[in-house]
Asks: 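If you scroll down you'll find the structure; I have some questions about it.
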Amino acid sequence: MNAQVLETPRSWPERLTRGGLAICGLVSVLTAAAILAVLAVESTSFFQHVPLSRFLTEREWTPLFADQHFGIWPLVAGTALTTACAMAVALPLGLLAAIQLAEFSSWRTRRVVKPILEMLAAVPTVALGYFALIVVTPALQEVIPGLSSFNALSAGLMMGIMILPLVASLVDDAIRAVPTALREGAYGLGATRTAAIFRVVLPTAASGIAAACLLAVSRAVGETMIVAIAAGQQPQLTADPRQPVETMTSYIVKVSMGDTPAGTLEFQTIFAVGLALFLMTLVLNMLAHHLRGRILKGGRL
């Protein structure tokens with residue numbers, strides 16, 4: 001009886017905690033379901049006027065002009081181009097930073113450097129966008145001929161700086177999850193520290209590194225303010241980063257500013273683009289979580 005009396009007060013906090021967590025999870029699921037339902041309903045209305053074949057096969061995107069074209073590929077190309085520029089910056093720098101923190105830095109250095117690195121994630125993206133437009137673009141124009149005032153390169157570079165802490169932190173966690181015994185085994189076979197890192201540690205952490213890259217790509221694909229400010233708003237099917245482009249997110253921002261009447265076909269395009277963006281990020285996140293799961297199970301790619 002005494003044991004039961006002592007146990008009862010402890011169960012209430014646990015029950016409240018579980019109930020609160022369940023409510024938070026349910027709210028998240030319901031919010032995501034509501035967003036998806038709105039996207040599906042509005043997109044269905046859009047595709048009743050614009051066939052899906054036209055959405056996927058046309059090579060121009062001009063829904064706000066008199067000569068309307070509804071090909072999504074210029075927006076996809078702009079999104080992919082800025083994301084590629086961002087990953088070209090974030091992936092090598094983030095990987096090297098993670099290796100330095102996980103394998104070479106002392107715990108004191110790690111305690112100082114890692115928080116400073118992660119502080120980059122707190123910089124407002126609006127500030128990064130204007131920095132790209134006012135500072136980065138004029139500097140690049142001095143060395144890159146033909147670089148437009150609005151271009152995918154400057155926006156992509158600043159997006160890379162933005163997602164650098166994400167890549168470094170996730171790759172650092174993946175490297176530190178590699179068992180110490182593997183490193184010691186490599187040293188016992190005569191491997192140098194560098195050889196052990198690049199031939200044993202990194203291949204073992206490949207799933208986590210790939211997951212970090214996919215999550216960083218998802219973050220870059222969904223970035224809005226940097227590309228809206230610095231990349232320009234000209235939907236072009238181009239692979240030249242010197243040219244202005246329009247991404248899927250920047251188009252949504254442009255139409256949502258209030259100049260386009262709600263309920264019109266032009267306004268409904270933001271939901272069709274939003275649905276395409278949702279599907280892209282969903283696939284990337286599912287792949288990333290799958291790879292993270294392999295890391296937790298001790299698997300490799």
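Counting begins at 1 with the first residue of the sequence.
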Asks: Surrounding CZ of R199 (heavy atoms of other residues, nucleotides or ligands, distance under 6.0 Å), is the total greater than 12?
Replies: no
Asks: Going only through I, L, V, M, F, W and Y residues with side-chain contacts under 4.5 Å, is there a path from V227 to L81?
Replies: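 No: no chain of side-chain contacts under 4.5 Å links V227 to L81.
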Asks: Any donor-acceptor pair under 3.5 Å linking the side chain of S218 with the backbone of L214?
Replies: yes
Asks: For the CD1 atom of I209 and the CG atom of L170, what is their distance to the nearest 0.5 Å?
Replies: 11.0 Å
Asks: List the steps and the verdict of side chain to side chain contact (heavy atoms under 4.5 Å, CB included) for F104 and R193.
Replies: CA-CA 10 Å; F104 295 103; R193 193 170 189 179; 3.9 Å; yes
Asks: Counting N and O atoms only, with roles assigned by atom type, does the side chain of S169 sit under 3.5 Å from a partner on the main chain of P165, one being a donor and the other an acceptor?
Replies: no
Asks: Return the minimal non-hydrogen interatomic distance between M248 and L277, and the atom names on each side.
Replies: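 Closest heavy-atom pair between M248 and L277: CE-N, 3.6 Å.
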Asks: Can any side-chain N or O of Q268 pair as donor or acceptor with the backbone N or O of E42 at less than 3.5 Å?
Replies: no
Asks: Can you tell me how far CG of L117 sits from CD of Q100, rounded to the nearest 0.5 angstrom?
Replies: 11.5 Å
Asks: What's the verdict on side chain to side chain contact (heavy atoms under 4.5 Å, CB included) for V89 and L164, showing C-alpha distance, side-chain angles and the deciding distance?
Replies: CA-CA 8 Å; V89 174; L164 175 61; over 6 Å; no
Asks: Quick one about N151 and S148 (side-chain donor to acceptor, distance below 3.5 Å, no hydrogens or angles considered), yes or no?
Replies: no
Asks: Check the pair M286 / L282 against side chain to side chain contact (heavy atoms under 4.5 Å, CB included), numbers first and verdict last.
Replies: CA-CA 6 Å; M286 289 178 63; L282 177 64; 3.9 Å; yes
Asks: May I ask you to test the I163-L215 pair for a side-chain heavy-atom distance under 4.5 Å?
Replies: no
Asks: Shortest non-hydrogen contact from P203 to F198?
Replies: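 Here P203 and F198 meet closest at CD-O, 3.5 Å.
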Asks: Between V245 and F150, is any pair of side-chain heavy atoms under 4.5 Å apart?
Replies: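 No, side chains not in contact.
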Asks: Under the side chain to side chain contact (heavy atoms under 4.5 Å, CB included) rule, what do F131 and I161 come out as? Steps first, then yes or no, please.
Replies: CA-CA 12 Å; F131 184 82; I161 298 299; over 6 Å; no
Asks: Within the side chain of T79, is there an N or O that forms a donor-acceptor pair under 3.5 Å with the backbone of V221?
Replies: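 A pair under 3.5 Å: no.
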Asks: Keeping the roles fixed (side chain from E223, backbone from M225), state whether a donor-acceptor pair exists under 3.5 Å.
Replies: yes
Asks: Please report the shortest heavy-atom distance between S154 and T137, naming the atom on each side.
Replies: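 Distance-wise, the nearest heavy atoms are OG-OG1, 2.8 Å.
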Asks: Quick one: CZ on R59 to NE2 on H69, what's the gap to the nearest 0.5 Å?
Replies: 12.5 Å
Asks: Would you give the length of the straight line joining atom CD1 of I229 to atom OG1 of T125, rounded to the nearest 0.5 angstrom?
Replies: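 Going from CD1 on I229 over to OG1 on T125, the span is 7.5 Å.
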Asks: Rounded to the nearest 0.5 Å, what's the gap from OG1 on T82 to CE on M87? Could you check?
Replies: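 Separation between the atoms: 12.0 Å.
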Asks: Kindly indicate whether the side chain of M158, heavy atoms from C-beta on, has any atom under 4.5 Å from the side chain of M162.
Replies: no
Asks: If we count only N and O atoms by modelled type, under 3.5 Å, do the side chains of Q234 and Q243 hold a donor and an acceptor together?
Replies: no
Asks: May I ask whether L153 and I134 are part of the same hydrophobic cluster, defined by side-chain heavy atoms of I, L, V, M, F, W, Y residues being less than 4.5 angstrom apart, directly or through others?
Replies: yes
Asks: For residues A90 and V167, report the shortest heavy-atom separation together with the two atoms involved.
Replies: O-CG1, 3.8 Å
Asks: Looking at P145, is its backbone amide N or carbonyl O close enough to the side chain of R242 to form a donor-acceptor pair, meaning the two atoms are under 3.5 Å apart?
Replies: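 Side chain of R242 to backbone of P145: a pair is present.
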Asks: Which atoms form the tightest heavy-atom contact between V178 and V201, and what is the distance?
Replies: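 Minimum heavy-atom contact is CG2-O, 3.8 Å.
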Asks: If Ile, Leu, Val, Met, Phe, Trp and Tyr residues are connected whenever their side-chain heavy atoms lie under 4.5 Å apart, and connections chain through other members, are V38 and I35 in the same group?
Replies: yes
Asks: Checking side chain to side chain donor-acceptor pair (under 3.5 Å) for the pair Y251/T269: CA distance, chi angles, key distance, verdict?
Replies: CA-CA 9 Å; Y251 173 77; T269 57; 2.6 Å; yes
Asks: Let me check something: do L96 and L91 share a hydrophobic cluster, defined by ILVMFWY side-chain heavy atoms less than 4.5 Å apart, either directly or through other members?
Replies: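 Looking at the clustering, L91 is in a separate group from L96.
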Asks: Counting only N and O atoms by type, is there a donor-acceptor contact under 3.5 Å from the side chain of Q236 to the main-chain atoms of P244?
Replies: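 Checking the backbone N and O of P244 against the side chain of Q236, a donor-acceptor pair under 3.5 Å is found.
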Asks: Between D172 (side chain only) and A168 (backbone N and O only), is there a donor and an acceptor less than 3.5 Å apart?
Replies: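 Checked: no pair found.
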Asks: What's the spacing between T57 OG1 and I72 CD1 if we round to 0.5 Å?
Replies: 12.0 Å
Asks: May I ask you to check whether S106 and T109 show a side-chain donor-acceptor distance below 3.5 Å?
Replies: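 Present: a donor and an acceptor within the cut-off.
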Asks: Does a donor on one side chain and an acceptor on the other come within less than 3.5 Å for T247 and T249?
Replies: yes
Asks: Does E246 use its side chain to pair, donor to acceptor, with the backbone of L75 at less than 3.5 Å?
Replies: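 Checked: no pair found.
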Asks: Hey, any chance V41 and F278 share a hydrophobic cluster, counting ILVMFWY side chains that come within less than 4.5 Å of each other, even indirectly?
Replies: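 Cluster IDs for V41 and F278 differ.
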Asks: Measure across I175 and E103 and return the closest heavy-atom pair with its distance rounded to 0.1 Å.
Replies: CG2-OE2, 3.3 Å
Asks: Can F55 and F47 be said to form a ring pair (Phe, Tyr, Trp, His ring centres under 6.0 Å), step by step?
Replies: CA-CA 8 Å; F55 187 72; F47 287 117; 5.2 Å; yes
Asks: Closer than 3.5 angstrom, by distance alone: can the side chain of T62 be matched with the main-chain N or O of F65 as a donor-acceptor pair?
Replies: no
